[in-house]
2 protein chains.
Amino acid sequence: MNKTSLRDLKKEATAYALANAAFELAVERGLDGFVVDDVVQRAGYSRRTFANYFSCKEEAVATAAISLAGSQHDEAEQLLASMPKETPLLDMLYETMRTQFTASLLLKMREVVALSKKHSTLEPYILSVFRSLLADAQESLWELTPGRYPEVYIHLLIGAVYGAMLPVVDGTLNVLLPGQSGADGEGDTPFEEYLETTFHYLRNGF
Amino acid sequence: MNKTSLRDLKKEATAYALANAAFELAVERGLDGFVVDDVVQRAGYSRRTFANYFSCKEEAVATAAISLAGSQHDEAEQLLASMPKETPLLDMLYETMRTQFTASLLLKMREVVALSKKHSTLEPYILSVFRSLLADAQESLWELTPGRYPEVYIHLLIGAVYGAMLPVVDGTLNVLLPGQSGADGEGDTPFEEYLETTFHYLRNGF
DNA sequence: GTGCAATAATGCACTTTGTGCAAATATGCC
DNA sequence: GGCATATTTGCACAAAGTGCATTATTGCAC
């Protein structure tokens, strides 16, 4: 599925450059503070090329926001492949989440949350990109555990984890990043604890 | 939160008329088969007014698609309020899902899924509206069970259910509506069975 | 009912965006 | 190095988003 020809790498780089420029501008000036022309000028491409990759500003910003996680996908897949074949799916998933949701990723997500709160047009795209990310994870897990679980089981599990991570992403629940002090928010939950709690309930039931 | 003054009712009606016109056109001609002018012409409003209510076609279509569920929200709240105060949250949620996801709602969702598959620009808005729906449910449940559960518990539970319903909505999993024959799709899961399975895992753990 | 204040709907002008198509440019592979 | 293929670009035009001033409607008090 992942063609790594030079051509595709170049395409990826183009998309990345555009998305990143859009994301930077969004952080600097807010979603309304720039136009597509500003993005392509910064990234060094034409307006038409931008349209070839993204349907709108929001999509580009959302893509950039999650690209960090995307780049970790391969790494996560290797991790999963290196696990013993009999590892329970729940454990696999836990390790995946614990590994993928690094501090740097969560930091970037914080920025996204801030943007998302200010500009409601962004939210749908954030949700969508996040969703497709976990769809990828789902496919990986499905292929890694051939015949061991009913399809519905995997759907549910991935769905539950996705749902559990939603409040983290959309800002409903404030999580404390690894290594971050809890000074500013009393009610904040450390991310690791939240992950722990999540899987406790998933293992033992609600 | 719900002001029911005549003025607000009228506004709601306007939004509904516009959203519905958009939805109808989307079903009839596909998302690309009509423009905003067509929508406002059908609904009897001006293009400017449309812009006052929705940011784009997609948002209007998505809103209409879920409005049925929205109108059932009050009914669901009444149902919840009528339950014994000690009812476990899991049971409350199960009843809510079983009640809210009526055949007619699921039918409408089928149309949306079909649209969503054809036009990827629609998906983010569908997801978003669906998300906000369950956010409402979350708030209701939180208020109905004061102090009985930690906030994280409710977040997780709603999240899990949301995640479990996602494959149903986005078409990843084909569900069979209540009363619908399984002739066309062998692998289809009846919705009630899917709901049953979902809550079995949630109760007993994965 | 009548009038008044508040607010919704509209029209208009203008900027930004989206898209098809064809030309030009770059890329990979032999 | 040359060729087939894919990417990028420019151009032109249709569509969409937005601020502002204006008009029409609505709800409420009298």
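Protein chains get the first letters and strands the later ones, always in sequence-line order, with residue 1 at the start of each. Everything numeric in this text was worked out from a predicted model, so none of it was measured.
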Practice task
Report yes if some heavy atom in the side chain of B:C56 is under 4.5 Å from a heavy atom in the side chain of B:Y125; otherwise report no.
Solution key: yes

Practice task
With the side chain counted from C-beta on, respond yes when A:K85 and A:L144 share a heavy-atom pair under 4.5 Å apart, and no when they do not.
Solution key: no

What's the separation between atom [atom1] in [X] and atom [atom2] in [Y], rounded to the nearest 0.5 Å?
X: B:Y201; Y: A:Y153; atom1: OH; atom2: OH; answer: 6.5 Å
X: A:L93; Y: A:T87; atom1: CG; atom2: OG1; answer: 12.5 Å
X: B:T198; Y: B:M165; atom1: OG1; atom2: CE; answer: 4.5 Å

Are any of [X]'s side-chain N or O atoms less than 4.0 Å away from OP1 or OP2 of [N]?
X: B:T49; N: C:dA9; value: no
X: B:T14; N: C:dA8; value: no
X: A:K10; N: C:dA26; value: no
X: A:Y53; N: D:dT8; value: yes

Please give, in whole Å, the distance from [N] [atom2] to [X] [atom1]?
X: A:K11; N: C:dA26; atom1: NZ; atom2: P; result: 18 Å
X: B:L18; N: D:dG17; atom1: CG; atom2: C1'; result: 16 Å
X: B:E12; N: C:dT7; atom1: CD; atom2: P; result: 18 Å
X: B:N52; N: D:dC20; atom1: CG; atom2: P; result: 14 Å
X: A:L9; N: D:dA6; atom1: CG; atom2: P; result: 17 Å
X: A:Y45; N: D:dT7; atom1: OH; atom2: C1'; result: 10 Å
X: B:R48; N: D:dA21; atom1: CZ; atom2: P; result: 13 Å

Handout entry: No-hydrogen, no-angle side-chain donor-acceptor test under 3.5 Å, B:T189 and B:E193
Key = no

Handout entry: Pair B:S116, B:E123: side-chain N/O donor-acceptor within cut-off below 3.5 Å
Key = no

In residues 27-37 of chain B, what donor-acceptor pairs under 3.5 Å come from side-chain atoms, sequence neighbours left out?
| residue | atom | partner | partner atom | Å |
| --- | --- | --- | --- | --- |
| B:E28 | OE1 | B:R42 | NH2 | 3.2 |
| B:E28 | OE2 | B:R42 | NH1 | 3.1 |

Using atom names, set out every protein N or O paired with an N or O of nucleotides 15-18 of chain C below 3.5 Å, distance rounded to 0.1 Å.
| residue | atom | partner | partner atom | Å |
| --- | --- | --- | --- | --- |
| C:dT17 | OP1 | A:V36 | N | 3.1 |
| C:dT17 | OP2 | A:V36 | N | 3.3 |
| C:dG18 | OP1 | A:S55 | O | 2.4 |
| C:dG18 | OP2 | A:S55 | O | 3.4 |
| C:dG18 | N7 | A:R47 | NH1 | 3.4 |
| C:dG18 | O6 | A:R47 | NH2 | 3.1 |

Handout entry: Divergence of helical axes at both termini of the helix from C:dG1-D:dC30 to C:dC30-D:dG1 - five pairs an end, 10° steps
Key = 40°

Exercise for the section: Determine, stepwise, if the pair A:I154 / A:T145 fulfils side chain to side chain contact (heavy atoms under 4.5 Å, CB included). Expected result: CA-CA 10 Å; A:I154 295 187; A:T145 61; 4.0 Å; yes

